[in-house]
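Along the sequence shown, the residues carry numbers beginning at 1.
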Amino acid sequence: MLLGLGWIFSTIAAAVIALAAGYLFFNDLRTGAGSDVASAWEGRGKREQFKSEQADAEAEDSYTEGRYFDPGSDEKL
């Protein structure tokens, strides 16, 4: 706005400057985020997540067992 560019061009310029400053000064955060994305993409940590999901599913199954009709079973109501 100080250069008289108008609010649209000032907003674009501010976004570009903020992106450049973040890229230069927040290197540790950027590399950490990149490694998190890479590990998620490769499937690391999947076992721990699978174990907790399996435990949740078992808890839900034990709670609902016998309470609802299972359409996959041959039992009649």
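Between Thr31 and Asp28, the shortest heavy-atom contact is OG1-O, 3.1 Å.
Alongside Leu29, the hydrophobic cluster contains Phe26 (criterion: ILVMFWY side chains under 4.5 Å). When hydrophobic side chains of Ile, Leu, Val, Met, Phe, Trp and Tyr are connected at separations under 4.5 Å, Phe25 ends up clustered with Leu24.
Within the structure, side chain to side chain donor-acceptor pair (under 3.5 Å) pairs that include any residue of residues 12-27 comprise Asn27-Arg30 (at least two apart or interchain).
By the side chain to side chain contact (heavy atoms under 4.5 Å, CB included) test, Asp56 pairs with no residue at all, sequence neighbours left out.
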